[in-house]
Amino acid sequence: MTQIAPQPGIMEIALYEGGKASVAGVENVVKLSSNENPFGPSPAAQEAVRRVLHEMHRYPSTDHGPLRRAIAEVHGLDAERIICGVGSDEVIHFLCQAYAGPGDEVVHTEHGFAMYKISARAAGATPVEVPERERVTDVDAILAGCTERTRLVFIANPNNPTGTMIGAAEVERLAEGLPPQALLVLDGAYAEFVEGYDGGAQLVEARQNVVMTRTFSKLYGLGGMRVGWGYGPKAVIDVLNRIRGPFNLSAPALAAAEAAIRDTAYVERCRSENARLRTWLAEALMEHGVPSDTSCANFVLARFADRTEAEACDLFLQKEGLIVRRVAGYGLPAALRITVGDEASCRRVAHTIGLFKAGAR
Ligand SMILES: *Cc1c(COP(=O)(O)O)cnc(C)c1O
């Protein structure tokens with residue numbers, strides 16, 4: 001018998017399921033399953049990629065200096081305390097690898113992002129799920145879920161797939177109440193969709209136990225390029241850099257992200273268009289008898305009577321060429337997560353759900 005076996009925890013990982021991108025036999029589908037920006041990347045980002053194409057034989061920057069400085073300038077941060085990753089997924093992975101191992105606990109909330117569990121297990125640590133209160137992060141439940149073994153606490157704010165968020169005072173209370181060996185990770189994948197919100201940057205500045213992660217995959221429309229970043233205390237960033245591959249980001253990815261973050265006018269347009277269409281979509285669904293919590297992100301979590309109705313609606317939408325996201329894997333079997341698309345897509349998905357609720361099957 002072979003003695004070749006993976007590290008503990010790895011076989012317990014449930015594979016991440018991405019949003020579907022096609023339906024067999026249906027053409028011209030509208031993909032509203034992965035929270036992508038319906039307007040795509042900024043034209044400046046596309047141009048920046050075209051400019052680096054003839055340099056593909058060159059290794060990229062190892063320290064991501066130009067991108068870190070661009071991020072620091074635009075957000076008013078210290079470039080020395082920024083780390084860039086292959087999506088924020090990689091930064092989450094670094095955090096788990098560096099700070100959690102066998103015997104350690106990684107706390108995440110009931111309807112939290114799947115990667116927290118996956119990365120915790122990959123590091124050999126034990127993910128610990130704590131309840132939310134009506135699909136909202138519950139600080140008291142998180143604090144009650146912490147032990148002397150807790151090394152990391154992940155919350156997404158706004159959260160995916162609920163779309164809800166908690167205020168700065170609550171986040172601060174959480175950071176203040178954690179056991180001394182625990183690091184709070186504020187996942188700000190959707191921070192850009194909240195007008196005037198810094199994703200927790202100020203809290204990172206004020207404390208030694210908070211790290212913020214951000215991504216270019218959502219508002220910036222660069223999911224395919226895989227760029228994310230983290231901001232934390234210098235000591236933490238130094239630790240993460242030791243396990244980061246020297247060439248983790250490709251030259252086109254770096255160029256695209258740098259141009260994207262500097263195109264603040266494009267960001268502003270996408271943010272305001274998302275806010276307008278998100279309100280419209282939530283209200284249209286409500287009129288069809290499909291409620292949702294007030295979303296702070298670029299999707300709406302549509303709630304149905306039960307799992308059967310949610311699944312039937314999903315199948316009906318697919319038949320009509322509309323792909324949304326089932327979230328049973330996130331403990332929300334009676335809900336569907338619908339990305340806020342462009343105006344035509346929002347109208348189409350609302351209209352089709354209306355037909356479904358009116359009895360069409
Ligand atoms: C999409 C998402 C991410 C980031 O994904 P990357 O593409 O790896 O940057 C992180 N956290 C949450 C909650 C997300 O929804």
Side-chain angles (χ1 to χ4, degrees), residues 16-19 21 31-38 40-41 45 64 67 71 82-97 106-120 122 127 129 132 135-137 152-166 171 184-194 197 199-200 211-231 240 244-245 248-250 253-254 256-257 260-261 274 295-301 324-327 329-332 337-340:
Y16 183 86
E17 275 184 58
K31 186 185 176 204
L32 302 174
S33 57
S34 297
N35 300 340
E36 295 154 344
N37 183 335
H64 312 141
L67 175 57
I71 293 170
I82 293 172
I83 182 169
C84 301
V86 178
S88 49
D89 282 358
E90 194 184 33
V91 181
I92 292 167
H93 208 71
F94 292 157
L95 283 160
C96 288
Q97 230 193 311
V106 174
V107 171
H108 64 88
T109 65
E110 186 180 354
H111 307 303
F113 188 46
M115 287 312 297
Y116 310 148
K117 249 186 290 192
I118 292 176
S119 289
E129 180 180 305
E132 295 177 7
R135 297 172 302 280
V136 180
T137 298
L152 289 163
V153 172
F154 283 99
I155 67 165
N157 203 35
N159 188 39
N160 171 23
T162 59
T164 60
M165 77 182 289
I166 59 172
V171 179
L184 173 63
V185 184
L186 298 176
D187 181 336
Y190 301 95
E192 283 83 3
F193 293 102
V194 184
Y197 174 53
V211 172
M212 167 179 78
T213 62
R214 303 285 285 263
T215 184
F216 284 91
S217 302
K218 306 288 159 55
L219 184 79
Y220 294 96
L222 292 173
M225 276 293 179
R226 314 301 305 125
V227 191
W229 53 282
Y231 191 61
L240 303 184
R244 177 177 67 78
N248 60 330
L249 287 176
S250 71
L254 289 166
I261 202 156
N274 175 73
S295 170
C296 300
N298 66 337
F299 54 84
V300 168
L301 185 71
V324 301
R325 184 69 160 263
R326 286 194 191 185
V327 282
Y330 283 94
L332 294 160
R337 193 193 68 191
I338 307 169
T339 301
V340 177

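Counting convention: from 1, in listed order, for ligands and their atoms alike.
- With ligand atoms numbered from 1 in the order given, ligand 1 contributes 6 (P), 8 (O), 9 (O) to contacts under 4.0 Å with heavy atoms of G87.
- Protein heavy atom at the shortest distance from atom 11 (N) of ligand 1 is D187 OD2, 2.6 Å.
- Contact between R337 and S34 at its shortest, heavy atoms only, is NH2-CA, 3.9 Å.
- Residue-ligand proximity: S88 is placed with a non-hydrogen atom under 4.0 Å from ligand 1.
- Proximity of F216 to ligand 1, defined as any heavy-atom pair under 4.0 Å, is not found for any part of the residue.
- Between N248 and H64, the closest side-chain pair of non-hydrogen atoms falls below 4.5 Å.
- Residue S217 has at least one heavy-atom neighbour below 4.0 Å for each of these atoms of ligand 1: 6 (P), 7 (O), 9 (O).
- Side chain of N35 to main chain of K218: no donor-acceptor pair is present (N/O by atom type, distance under 3.5 Å, no hydrogens or angles).
- A salt bridge is absent between R226 and E90; no separation between the charged side-chain nitrogens and carboxylate oxygens falls under 4.0 Å.
- Here the heavy atom of the protein found nearest to atom 9 (O) of ligand 1 is T215 OG1, 2.5 Å.
- The N/O atoms of Y190, backbone and side chain alike, include one that comes under 3.5 Å of an N/O atom in ligand 1.
- Taking each heavy atom of V340 and N274 in turn, the nearest pair found is CB-OD1, 3.5 Å.
- Of the possible donor and acceptor atoms, none in the side chain of H93 sits under 3.5 Å from a partner among the backbone N and O of S119.
- Nearest protein heavy-atom neighbour of atom 8 (O) of ligand 1: R226 NH2, 2.8 Å.
- Nearest protein heavy-atom contact of atom 1 (C) of ligand 1 is K218 NZ, 1.3 Å.
- Of all the atoms in ligand 1, the ones that sit under 4.0 Å from a non-hydrogen atom of A189 are 2 (C), 3 (C), 10 (C), 11 (N), 12 (C), 14 (C).
- At least one side-chain heavy atom of E132 sits under 4.5 Å from a side-chain heavy atom of N159.
- Contacts of N160 with ligand 1, taken as heavy-atom pairs under 4.0 Å, involve the side chain alone.
- Two residues are said to be in side-chain contact when any heavy atoms from C-beta on lie closer than 4.5 Å; L222 and V227 fail this criterion.
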